[in-house]
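For reference, the structure is listed below as structure tokens.
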Number of protein chains: 2
Amino acid sequence: MPTDLRRPQRTYTIRQLCLEFKCTPRALRFYEDKGLLTPARDGMNRVYSYKDRARLKLILQGKRVGLSLAEIGEILDLYDLDDGGAAQMAKSLRKFKERIVALESQREDIDRAIQELQVGCNNLEQKLIATRPDLLPRAADYDQMLRQRLDGLEHVAAK
Amino acid sequence: MPTDLRRPQRTYTIRQLCLEFKCTPRALRFYEDKGLLTPARDGMNRVYSYKDRARLKLILQGKRVGLSLAEIGEILDLYDLDDGGAAQMAKSLRKFKERIVALESQREDIDRAIQELQVGCNNLEQKLIATRPDLLPRAADYDQMLRQRLDGLEHVAAK
DNA sequence: GCGGCATCTTACGTTAACGTCAAGATGAGG
DNA sequence: CCTCATCTTGACGTTAACGTAAGATGCCGC
């Protein structure tokens, strides 16, 4: 019977959590500095409880959707002293909806930028066709680009 | 016959360009520091030519689509010592296409984040309906939100 | 000659989320 | 006892694009 790594009574070292969630010890200490985590201690060493792990999970989820650590902190603060989680849920709901609005606005900015760039690309291609078609990117160059990007990804993955 | 503000032989003070393009003198000096602009001088004072104005226009266009000043600089450097603009156009084309790819990737990230947030919102709303429906945002609150956002925009616009 | 305005240079401050040493403590293994 | 590995606490560095004084210069009108 393999040990369940997520038993509620389990504890974790800083490295274990870092491995599990692919982050660095520095990051966890930083979150602690900001009051987002408050692990127990065994002597000097940090001991993370199952609850700490859950909080970390929320922190990383928040980061993925673009919340700042400060905003995540506001939500997390309600986790402890809460009427059964309702206030925290209400605050989360507000924050989430705000974030959705902001993200949709960002997406509009991006779409506008892409449009502007595509207009620019078309203009440039027309002019290059007329003057220096030899400078136009060709299919071979495009393959080259793709290969470079894949190499980049492998490189990152290898680290 | 009104003076054409864009006659090629015209020159501009720093403030004139700032007013026209809604930026600050500090920004123009910063661009100069970075080598993106090299206006002439009249004593101590900067004198911007029509070409400088064109370069500034390109800088701001580049910024709008998310190019860094360094990237814009690479493109601009080819504006001067160029075989009729072809090399510059080819480089711009590459940069633009790179930027389009990057922006599309960003948009995917945003879409994923929005999806994740919407799932979270649904969950939270369900739970709040079951436990504390009084904490749910109501239509009146929504109006309030809209009004606040409009006030914010007017405030910014008034500046 | 003086107030007022525009301009100049220099240089430190800002923001977020860590990265990157540096230097020391602690326990396990050989 | 030595060394290694892991942990700790500082504390400064990084990045981008400016913002924000502080203090000097120069011109215009009166």
Side-chain angles (χ1 to χ4, degrees), chain A residues 11-49 52 55-56 58-76 95 99 102-103 106 109 113 156 159, chain B residues 11-49 52 55-56 58-76 95 99 102-103 106 109 113 156 159:
Chain A
T11 63
Y12 309 81
T13 71
I14 195 170
R15 190 148 298 275
Q16 285 169 341
L17 283 187
C18 287
L19 286 174
E20 182 175 358
F21 293 107
K22 294 174 193 301
C23 50
T24 66
R26 179 69 180 92
L28 294 199
R29 297 192 191 107
F30 184 71
Y31 300 152
E32 189 175 340
D33 245 38
K34 296 284 163 179
L36 306 187
L37 288 175
T38 48
R41 296 300 180 113
D42 172 21
M44 304 191 89
N45 295 0
R46 273 163 257 254
V47 178
Y48 295 88
S49 70
D52 292 323
R55 286 174 75 95
L56 176 56
L58 284 178
I59 293 170
L60 298 177
Q61 275 185 34
K63 286 201 52 182
R64 273 204 304 278
V65 300
L67 292 174
S68 70
L69 292 185
E71 289 175 305
I72 295 169
E74 289 181 49
I75 294 176
L76 253 40
K95 286 278 173 197
R99 195 86 258 281
L103 285 173
Q106 276 188 44
D109 291 347
V156 170
K159 276 171 64 179
Chain B
T11 63
Y12 309 81
T13 71
I14 193 169
R15 190 147 300 272
Q16 285 169 340
L17 283 187
C18 287
L19 285 174
E20 181 175 359
F21 294 109
K22 294 175 193 299
C23 51
T24 67
R26 180 68 179 92
L28 294 198
R29 296 191 192 109
F30 183 71
Y31 300 152
E32 187 175 342
D33 245 39
K34 296 285 162 179
L36 306 187
L37 289 174
T38 47
R41 296 297 180 116
D42 171 21
M44 302 190 91
N45 296 359
R46 274 161 256 255
V47 177
Y48 295 88
S49 70
D52 291 325
R55 286 175 75 96
L56 176 56
L58 284 179
I59 293 171
L60 298 177
Q61 275 184 34
K63 285 201 52 181
R64 272 204 304 278
V65 300
L67 291 175
S68 70
L69 293 184
E71 289 175 305
I72 296 170
E74 288 181 49
I75 294 175
L76 252 42
K95 286 279 174 197
R99 195 86 257 280
L103 285 173
Q106 275 187 46
D109 291 348
V156 169
K159 278 172 60 178

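Just so it is clear: chains get the letters A, B, ... in the order the sequence lines come, proteins before strands, and each one is counted from 1. Values reported hereafter were calculated over all heavy atoms of this structure, with side chains retained and with hydrogens, waters and symmetry mates removed.
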Look at all strands and tell whether B/Arg15 reaches a base, only sugar-phosphate, or nothing, counting heavy atoms closer than 4.0 Å. sugar-phosphate
Strictly distance-based, threshold 3.5 Å: is any side-chain N or O of A/Arg46 a donor or acceptor partner for the main-chain N or O of A/Thr13? no
With A/Phe21 via side chain to side chain contact (heavy atoms under 4.5 Å, CB included) - residues at least two apart: A/Leu17, A/Cys23, A/Arg53, A/Leu56, A/Lys57, A/Leu60
Of all the heavy-atom pairs spanning B/Arg99 and B/Val65, show the shortest one and how long it is. NH1-O, 2.9 Å
Given atom CZ of B/Arg26 and atom C1' of C/dA6, what is their separation to the nearest angstrom? 17 Å
Would you tell me if any nitrogen or oxygen in the side chain of A/Lys63 comes within less than 4.0 Å of OP1 or OP2 on C/dC18? yes
For DNA chain D, determine which residues of residues 65-75 of chain A have any heavy atom closer than 4.0 angstrom to one of its atoms, and list them numerically. none
Quick check: do B/Ile14 and B/Tyr48 have side-chain heavy atoms less than 4.5 Å from each other? yes
Leading and trailing nucleotides of DNA chain D with any atom under 4.0 Å from heavy atoms of chain B: D/dA17 to D/dT20
Just how far, in rounded Å, is C1' of C/dG19 from CG of A/Leu28? 14 Å
Could you state the atom-to-atom distance from CG of A/Asn45 to P of C/dG24 in whole Å? 19 Å
Looking at B/Leu36 and B/Gly73, what are the two nearest heavy atoms and their distance? CD2-CA, 3.2 Å
Atom-pair distance (CD on A/Glu32; P on C/dC18), nearest Å: 15 Å
Length of the CG-P vector between B/Asp33 and C/dT10, whole Å: 9 Å
For A/Leu37 and A/Asp52, work out which heavy atoms get closest and say how close. CD2-O, 3.7 Å
Between A/Met44 and A/Thr24, which residue's closest nucleotide on DNA chain C lies nearer the 5′ terminus? A/Thr24
Using a strict cut-off of less than 4.0 Å between a Lys/Arg side-chain nitrogen and an Asp/Glu carboxylate oxygen, indicate whether A/Glu32 and A/Arg41 qualify as a salt bridge. yes
Rounded distance (Å) that lies between atom P of C/dC18 and atom CG of A/Leu60: 9 Å
Over all heavy atoms of both residues, which pair between A/Gly35 and A/Arg55 is shortest? Give the atoms and the distance, please. O-NH2, 4.4 Å
Verify side chain to side chain contact (heavy atoms under 4.5 Å, CB included) between A/Leu69 and A/Ile59, making sure each step is shown before the conclusion. CA-CA 8 Å; A/Leu69 292 185; A/Ile59 293 170; 4.3 Å; yes
